[in-house]
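Model, not experiment: these values are computed from the prediction. As the structure lists them, so they are numbered: ligands from 1, and atoms in each ligand from 1.
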Amino acid sequence: MDKRSITVTVNGATRTAEVEPRLLLAHLLRQGLGLTGTHIGCDTTNCGACTVLVDNTAVKSCTMLAVQTDGHEVTTVEGMAKASELHPVQEGFREEHGLQCGYCTPGMMMSAMALLQRNPDPTEEEVRWALSGNLCRCTGYQNIVKAVLWAAAKMKPAEV
Ligand code: FES
Ligand code: FES
């Protein structure tokens with residue numbers, strides 16, 4: 001199959017790749033770019049383990065073709081922390097014990113990032129709705145929701 005050259009900004013860095021038109025974004029990230037923090041749990045758009053941000057919108061990368069990201073920005077879990085400083089969403093998962101086996105965690109954190117970018121002060125119900133496309137087979141939902149609310153509180157600008 002003919003390959004096509006695409007240029008994608010991944011976690012702030014420009015990456016160029018030769019890809020088959022049928023290649024899924026999840027496979028480009030994991031196998032093409034070595035970003036294995038993006039997990040694959042179902043390959044059928046059900047579990048959300050593969051969630052990444054494309055132009056700051058949460059998408060399931062097993063449901064998007066790599067060629068569709070040509071000229072766009074992709075953020076994966078590897079792009080959350082800055083130097084040695086965790087992102088508040090990552091801190092929230094640590095503080096509130098928001099993970100057990102950790103398989104769903106990257107996707108959960110990406111969906112949480114997308115939520116907090118468009119709604120910095122969500123209610124618990126809004127957090128639950130935003131994460132409703134992400135499944136946790138360990139059923140750790142209570143602490144995951146607490147983790148996102150913890151992050152929202154931390155990211156809130158100080159009141160003067
Ligand atoms: Fe993409 Fe499950 S691997 S939704
Ligand atoms: Fe195990 Fe969510 S922590 S799947």
Could you tell me which atoms of ligand 1, counted from 1 in the order shown, lie closer than 4.0 angstrom to a heavy atom of [X]?
X: Cys50; result: 1 (Fe), 3 (S), 4 (S)
X: Asn46; result: 4 (S)
X: Cys47; result: 2 (Fe), 3 (S), 4 (S)
X: Thr45; result: 4 (S)
X: Gly41; result: 3 (S)

### Query
Is the distance from atom 1 (Fe) of ligand 2 to some N, O or S atom of Cys101 under 2.8 Å?
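Yes, Cys101 qualifies, because one of its backbone or side-chain N, O or S atoms lies under 2.8 Å.
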
### Query
ligand 1 versus Thr63, non-hydrogen atoms closer than 4.0 Å: side chain, backbone, both, neither?
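Looking at Thr63 and ligand 1, no heavy atom falls under 4.0 Å.
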
### Query
Taking non-hydrogen atoms only, is Thr51 closer than 4.0 angstrom to ligand 1 via side chain, backbone, both or neither?
neither

### Task
Looking only at protein heavy atoms, identify the closest one to atom 4 (S) of ligand 1 and say how far it is in Å.
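Answer, as residue, atom name and distance: Gly48 N, 3.1 Å.
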
#### Entry: Protein contact to atom 3 (S) of ligand 2 [nearest heavy atom, distance to 0.1 Å]
Gln100 N, 3.2 Å

### Message
Can you tell me if, anywhere in Cys62, an N/O/S atom lies at a distance from atom 1 (Fe) of ligand 1 that is smaller than 2.8 Å?
### Response
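Checking atom 1 (Fe) of ligand 1 against Cys62, an N, O or S atom does fall under 2.8 Å.
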
### Query
Got an N, O or S from Cys42 under 2.8 Å of atom 1 (Fe) of ligand 1?
no

### Message
Surrounding CD of Glu20 (heavy atoms of other residues, nucleotides or ligands, distance under 6.0 Å), is the total greater than 12?
### Response
yes

### Query
Short question: side chain of Thr45, backbone of Thr63 - any donor-acceptor pair under 3.5 Å?
no

### Query
By number and element, which atoms of ligand 2 are closer than 4.0 Å to a non-hydrogen atom of Arg137?
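Under 4.0 Å from Arg137, ligand 2 has these atoms: 4 (S).
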
### Task
Could you give me the CA-CA distance, side-chain angles and deciding distance for Cys62 and Thr44, then say whether side-chain contact (heavy atoms from CB on, under 4.5 Å) is met?
CA-CA 7 Å; Cys62 75; Thr44 52; over 6 Å; no

Of all heavy-atom pairs between [X] and [Y], which one has the smallest distance, and what is that distance?
X: Ile40; Y: Tyr103; result: O-OH, 2.5 Å
X: Arg4; Y: Asp70; result: NH2-OD2, 3.4 Å
X: Met64; Y: Val54; result: SD-CG2, 4.0 Å

### Task
Please find out if atom 2 (Fe) of ligand 2 and some N, O or S atom of Cys138 are separated by less than 2.8 Å.
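Short answer: no, not a single N, O or S atom is under the cut-off.
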
### Query
Asp55 and Thr57: side-chain donor and acceptor closer than 3.5 Å?
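Thr57 and Asp55 do not have a side-chain donor-acceptor pair below 3.5 Å.
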
### Task
Supply the atom-to-atom distance Leu28 CG to Leu23 CG, rounded to the nearest 0.5 angstrom.
5.5 Å

### Task
Answer whether the closest heavy-atom distance between the side chains of Leu25 and Leu65 falls below 4.5 Å.
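Sidechains of Leu65 and Leu25: no contact.
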
### Message
Using side-chain heavy atoms (C-beta onward) and a distance below 4.5 Å, is Val59 in contact with Leu53?
### Response
no

### Query
Does Gly102 have a heavy atom less than 4.0 Å from any atom of ligand 2?
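Per 4.0 Å heavy-atom rule, Gly102 contacts ligand 2.
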
### Message
If you round to 10 degrees, what value do you get for the angle at atom 2 (Fe) of ligand 2 between Cys136 atom SG and Cys104 atom SG?
### Response
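That angle works out to 110° after rounding to 10°.
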
